[in-house]
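Counting from 1, the numbers follow the sequence of the chain as shown. What you see below is based on every heavy atom in this structure, not just the backbone, and it leaves out hydrogens, waters and symmetry mates.
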Amino acid sequence: MAEKIVAQFSRRFPGGPLLNVDALRIACGQPSITVLFGASGAGKTTVLRCLAGLERPDSGVIRCGEELWFDASTSVFLPPQKRNIGSLSQDYALFPHLTVEANIAYGLRGLAANEHCARIGEVVHLLDLAGLERRLPAQLSGGQQQRVALARAVVRRPRLLLLDEPLSALDSPTRLRLRRELRRLLLHLGIPTLLVTHDRLEALSLGDDLVVIDNGMLVQRGPVQVVFSRPANLAVASIVGIETVLPGHVESAAEGLLVVSVGEAKLAALASDFPAQTRDVFVCIRAEDVMIQKGEDRPSSARNHLAATVGSLTREGPMVRIELDCGFPLAAWLTKQACEELALNSGDRVVALVKAPNVHIIPR
């Protein structure tokens, strides 16, 4: 059976919030990336520090397989250096007076000289740092500094890697470029990773599983795409940034579909796993799941065809956010090119299309 890290603990800060982690599980021995996602101040970094042994929880238990890292009831507290965890902080924390090679080697103690050199050579090759070994951190780009910090974290072959907002120190173009590269590297390294971020694009680009934390509580866990499209409650819908969340009422259920009224409009949604007697609900629709037709309404695979008026159009990077009035406010995302092809302007009459599986219903 694969080794697992299981953590259940609490940590209270004087005059501050209570962090209460209930049954956080991370499978070791397999290349997967778990994203701890939540707003600033939700407790994400504190969770990492408690797992790493840099903070001592007030109560609970943390274990890795059969090894006990922390147990408040028996006063067990394994120090960081004995947990074999690699970590990468927001600022990379490279030693400015040490070369790339010396930074990577920091912490590699107790190894034979040939094994020491082999380990460094392995990560230098893997992370494309060849030729940079004698440089100082100030002589590196942001992306190179990130790879050096990652090399230092993994050269000891830790059983778990903790990454705290690893891209936040980079400028936007570099961050965009390194997202895909970082995921490729982490999976290639084969080390289970717990990554903290509050950036939705980072979570979607880097993660396999998503754990949502809200005010110190773990409130939902599942595959990244599932949690982002099907939040468990209103708080999670807000945290993961669902653009349209409106109160509705279930009118009927038949053949696996719900009919839900939102104002004067009726929407079809999937009824799978929805509580049979629930009538008052919240309707959640992601802006990226809204399609727009101009001109006559035409047949399509989408069950929901909503007559709408275009309100505002706001350029946000390569995308345009469109506010629609369908009898209720509905947000949509389109590319700049799609907007130009549709010749969309404020005041235009259009049809908004939403497929039934993309209308997520939460009991209210």
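Judged by distance alone, with hydrogens and angles left aside, the side-chain atoms of Arg152 form no donor-acceptor pair with the main-chain N or O of Ile104 at under 3.5 Å.
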Would you check, one step at a time, whether the test salt bridge (charged side-chain N to carboxylate O under 4.0 Å, His left out) holds for Glu296 with Arg298? CA-CA 6 Å; Glu296 294 293 325; Arg298 300 181 297 278; over 6 Å; no
Requested in this report: Under the side-chain hydrogen bond (donor to acceptor under 3.5 Å, both in side chains) rule, what do Ser32 and Asp208 come out as? Steps first, then yes or no, please.
Outcome: CA-CA 6 Å; Ser32 64; Asp208 298 302; 5.1 Å; no
Report the C-alpha distance between Trp333 and Val290 in whole Å, list the side-chain angles of each, state the deciding distance to 0.1 Å, and finish with yes or no for side-chain contact (heavy atoms from CB on, under 4.5 Å). CA-CA 7 Å; Trp333 284 109; Val290 178; over 6 Å; no
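Interatomic distance, OG1 of Thr244 versus CZ of Phe328, reported as 7.5 Å (0.5 Å rounding). The distance from the NE2 atom of His360 to the CG atom of Asn358 is 11.5 Å, given to the nearest 0.5 Å.
Seen from the ring of Phe77, Arg83 counts as a face-on cation partner, given the 6.0 Å and 45° thresholds.
Every pair passing salt bridge (charged side-chain N to carboxylate O under 4.0 Å, His left out) that includes a residue from residues 52-66 is listed here, sequence neighbours excluded: Arg11-Glu55, Arg11-Asp58, Arg49-Glu55. Listed by first then second residue, pairs satisfying salt bridge (charged side-chain N to carboxylate O under 4.0 Å, His left out) with a partner in residues 342-351 read Lys294-Asp348, not counting sequence neighbours.
Residues satisfying the salt bridge (charged side-chain N to carboxylate O under 4.0 Å, His left out) criterion with Glu288, sequence neighbours excluded, are Arg200. Legend: residues meeting side chain to side chain donor-acceptor pair (under 3.5 Å) with Gln139, ordered by chain and number and at least two apart, are absent.
Remark: Tyr106 OH is loosely packed, at most 12 non-hydrogen atoms of other residues, nucleotides or ligands lying under 6.0 Å away. More than 12 heavy-atom neighbours from other residues, nucleotides or ligands sit within 6.0 angstrom of NZ on Lys266.
In the hydrophobic clustering, Leu257 connects to Leu270, either directly or through intervening members, whenever side-chain heavy atoms lie under 4.5 Å apart. Other members of a hydrophobic cluster containing Val226 are absent, since no ILVMFWY side chain comes under 4.5 Å of it, directly or through relayed contacts.
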